[in-house]
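Let me begin by presenting the structure, written as structure tokens, before commenting on it.
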Amino acid sequence: MRKNGKRILAMLLAAVMTASLAGCEKGGETAAGTAENDNGGQEAAGQDEVVTLKMFIRNQSKYTGLQEDPVAKYIEEKLGIRIELTVDSSLGNTTAQTSTFNELLATKLASNDLDDIMDFGSPSGNPEILNNLNRAVEAGMIIPLDDLVAEYTENLSTDPRLTIRNDYRREHMYNDGKFYSVGGWGGMGLDQLPGAANWVRWDLYKEMGYPDVETDEDYLEMLKEMQDSYPETPGGEKVYAIGGAFADPQGMGDGFVNRDYPLSKGYEPLEGNYAVYLNHATKQVEAPLQDPDSFFWNGVKLYYKANQMGILDPGAVTMSSAEYTEKINKGAYLSAVNGWQVMNKEAILDGLGMKDAGYMPMRPLEDVVSLSVYWESVVGGNEFAITSKCKYPEKAIQFLDWCMSEEGSRMITQGAEGMAYTMDGDVPSVTQQYLDDNAGGTVDMAETYGKWKYAGINAFQHIDVDSNGYYIQPEQIPNVDNYSAVKKDALSFYGTESFTDYFTQYKNRAGEKLPNVIWSTYTSGIGSKPDDIKQKYAQINEYMYKQIFKMIYAKDDAEYEALQNEAMEKVGELGVDDVVKWYQDRFAQLHTDLDPLIDQAMKAYGVE
């Protein structure tokens, strides 16, 4: 059925191409032609003329039609462009909304019901989006951007961080040496603290005298001592060192084991698969399932031992992620290897009677191979194209060029300059009114300031730094004076003036500087897999999802080891070697194709 659906869509696109080209002929030229009309039948807007561009893009607007927020008004004044949205926030950024958005996109493509600018989404992990783009090219639905970028842009044509994205699309996404989309939401995001790490209740860690923890065994023993010393919250909530939400479905409930723990060590499952991981230190594919001492099995063993020691919440096996979060917000857990689950909880804990309490990452353990500090996405993620129906393509490319600029990215992620933030020379800072409104929780920040309303179409992420070293989103700029007690104490313990300096330059106990980049361009380029490989890794994933929980709740070491041996044998029978070989071969080709471009990008971003 899926193959038939793709074939039908391709036939519809071909039919639409024939009709649209016939309908757009002008003076013997098609809409894409330039021999007799430089705009190919499209109009050129006057320099002072304000035009309206219809946009099918994901957004956080409460309404469709012409937009009136401060960012939209700034764009109108600066570029002479009014934004007309044809979808609103009901087709936004959640998984369910994205699915609906993609379904509507497919319908619009099949019926040639196109706006001036179209958001095709991100091809990362979804090869069908790349197929949609190339079908749209073949059907003449979207136009090449090379000449428009060369003639009408200031950023896309000159900023090396952006020209690399254009080169990537010419060389690796389209087949005719041209590029037909620009890549939004990318860059080199910089976290001040590594989210994938051993996060603990720092106030209690301080009380223990900051014990030096080098191994998982040390970590568990420290947590056991911490739990024994702090068995319940001031409100009487039972405290456990480690929690979980194992009742969630595959891909979520098992994420504590197959994603969070490995990433805290520097490994990431490729496309969620148990069989293959990317080692972010070496940028190579690793296969942990048949090595009994691998990082993956170490993670399973950590949860098994925690259960044996009585420091894993017994309720984890029946809990959902919502229930897990609720318990975090009650102060019921002492640690997490997914720091995003527990960071910035100081105010919540204070309200529960836990003064100066909070979570911070410990010094990395000795088996960590890479830190999650930089988040690489140098070719961009979301694909935005100008359609052949657009009357003002030069205006459309100027709009996209502004979105790709540092100024555009800053306004899109923070809100309008002068309202959400001000500039003192090259230094941005948020306004007090913005801080008050944001803290109050009653102001619609998207409509009042334009914050996040159009997020995704910007080139640089909120945690990217600009050309002067300041965060694109000014509220990300650290202010040590405003740090909580645990943050100030951690900063003092690490002996540094900034967490960014400490973790970007971190050296392990052997004096070796740890790599600190999480790579995504390679994973974005994996593309379609053969059906037999997909079938094999699906069977492996389904089996392992069940097996890891049997192992975590094994009654003793003998049962645990028997289950581990059974798993290693079973995944071999299910074809793990074939899956590993396919991914390793694919990555060898990706390195050949992408390494020169990525090396060039790293220089453009000034990252070692």
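As a basis for the values below, the full set of heavy atoms in this structure was taken, side chains included, without hydrogen atoms, waters or symmetry mates.
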Less than 4.0 angstrom from a charged side-chain N to a carboxylate O is my criterion; do [X] and [Y] meet it?
| X | Y | result |
| --- | --- | --- |
| Asp228 | Lys224 | yes |
| Glu271 | Lys534 | no |
| Lys603 | Asp599 | no |
| Lys283 | Glu376 | no |
| Lys265 | Asp216 | yes |
| Glu406 | Arg410 | no |

### Message
With side chain to side chain contact (heavy atoms under 4.5 Å, CB included) as the criterion, how do Tyr537 and Val276 come out once you've worked through the C-alpha distance, each side chain's angles and the decisive distance to 0.1 Å?
### Response
CA-CA 9 Å; Tyr537 71 57; Val276 281; over 6 Å; no
For residues 287-296, tabulate all N or O donor-acceptor pairs below 3.5 Å that involve a side-chain atom, not counting sequence neighbours.
| residue | atom | partner | partner atom | Å |
| --- | --- | --- | --- | --- |
| Gln290 | NE2 | Met568 | O | 3.4 |
| Asp291 | OD1 | Asp293 | N | 3.0 |
| Ser294 | OG | Pro288 | O | 2.9 |
| Ser294 | OG | Asp291 | O | 3.2 |
| Ser294 | OG | Phe296 | N | 3.4 |
| Ser294 | OG | Trp297 | N | 3.4 |

Which atoms form the tightest heavy-atom contact between [X] and [Y], and what is the distance?
| X | Y | result |
| --- | --- | --- |
| Arg165 | Gly380 | NH1-CA, 3.8 Å |
| Ala241 | Gln227 | N-OE1, 2.9 Å |
| Thr318 | Glu323 | O-OE1, 3.8 Å |
| Ser372 | Trp375 | CB-CZ2, 3.7 Å |
| Ala554 | Gln308 | O-NE2, 3.0 Å |
| Ser370 | Ala281 | CB-N, 3.9 Å |

Between the side chains of [X] and [Y], does any donor sit under 3.5 Å from an acceptor?
| X | Y | value |
| --- | --- | --- |
| Gln476 | His462 | no |
| Tyr494 | Asp501 | no |
| Asp203 | Tyr230 | no |
| Glu128 | Asn131 | yes |
| Lys536 | Asn273 | no |

To the nearest 0.5 Å, what is the distance between [atom1] ([X]) and [atom2] ([Y])?
| X | Y | atom1 | atom2 | result |
| --- | --- | --- | --- | --- |
| Asn258 | Gln250 | CG | CD | 8.5 Å |
| Arg201 | Tyr359 | CZ | OH | 5.5 Å |
| Gln284 | Leu278 | CD | CG | 8.5 Å |
| Asn516 | Asp191 | CG | CG | 11.0 Å |
| Tyr303 | Ile552 | OH | CD1 | 7.5 Å |
| Leu204 | Leu334 | CG | CG | 6.5 Å |

### Task
Would you list the pairs meeting ring-ring contact (aromatic ring centres under 6.0 Å, His included) in which at least one residue belongs to residues 582-608, sequence neighbours left out?
Tyr522-His591
### Task
Please name all residues satisfying side-chain hydrogen bond (donor to acceptor under 3.5 Å, both in side chains) with Ser520, sequence neighbours left out, ordered by chain then number.
none
### Task
Evaluate the side chain to side chain contact (heavy atoms under 4.5 Å, CB included) criterion for residues Tyr471 and Leu190: first the C-alpha distance (whole Å), next the side-chain angles of each, then the deciding distance (0.1 Å), finally the verdict.
CA-CA 9 Å; Tyr471 277 105; Leu190 175 60; 3.8 Å; yes
[atom1] ([X]) with more than 12 external heavy atoms under 6.0 Å:
| X | atom1 | result |
| --- | --- | --- |
| Glu559 | CD | yes |
| Lys529 | NZ | yes |
| Lys355 | NZ | no |

Mark yes or no for whether [X], through its side chain, and [Y], through its backbone, hold a donor-acceptor pair below 3.5 Å.
| X | Y | answer |
| --- | --- | --- |
| Gln473 | Thr413 | yes |
| Asp464 | Gly189 | yes |
| Glu232 | Val239 | no |
| Tyr304 | Asp556 | yes |
| Thr233 | Gly331 | no |
| Asp595 | Thr592 | no |
| Thr215 | Asp218 | yes |
| Asn541 | Tyr274 | yes |
| Asn198 | Met362 | no |
| Asn468 | Tyr470 | no |

### Message
Between Val373 and Tyr506, is the side chain to side chain contact (heavy atoms under 4.5 Å, CB included) condition met? List the steps.
### Response
CA-CA 11 Å; Val373 179; Tyr506 179 78; over 6 Å; no
#### Entry: CA sep, side-chain torsions, deciding dist, call: Tyr210, Asp489, side chain to side chain donor-acceptor pair (under 3.5 Å)
CA-CA 11 Å; Tyr210 311 106; Asp489 188 75; 2.6 Å; yes
### Task
For Lys581 and Asp585, run salt bridge (charged side-chain N to carboxylate O under 4.0 Å, His left out): C-alpha distance rounded to whole Å, both residues' side-chain angles, the deciding distance at 0.1 Å, then the answer.
CA-CA 6 Å; Lys581 184 180 186 307; Asp585 289 347; 2.7 Å; yes
#### Entry: Lys/Arg cation over aromatic Phe549: Lys546, 6.0 Å, 45° cone
no
### Task
Give the intermediate values and the outcome of side chain to side chain contact (heavy atoms under 4.5 Å, CB included) for residues Tyr324 and Gln341.
CA-CA 9 Å; Tyr324 172 73; Gln341 296 168 340; 3.0 Å; yes
### Task
Begin from the C-alpha positions of Tyr333 and Tyr240 and carry the test ring pair (Phe, Tyr, Trp, His ring centres under 6.0 Å) through to its verdict.
CA-CA 5 Å; Tyr333 297 133; Tyr240 290 96; 7.2 Å; no
### Query
What's the verdict on side chain to side chain donor-acceptor pair (under 3.5 Å) for Gln535 and Asp532, showing C-alpha distance, side-chain angles and the deciding distance?
CA-CA 5 Å; Gln535 181 180 18; Asp532 66 315; over 6 Å; no
### Task
Using the side chain to side chain donor-acceptor pair (under 3.5 Å) rule, take Asn482 and Lys487 through it: C-alpha gap first, then chi angles, then the decisive distance, then the call.
CA-CA 10 Å; Asn482 293 335; Lys487 285 189 173 70; over 6 Å; no
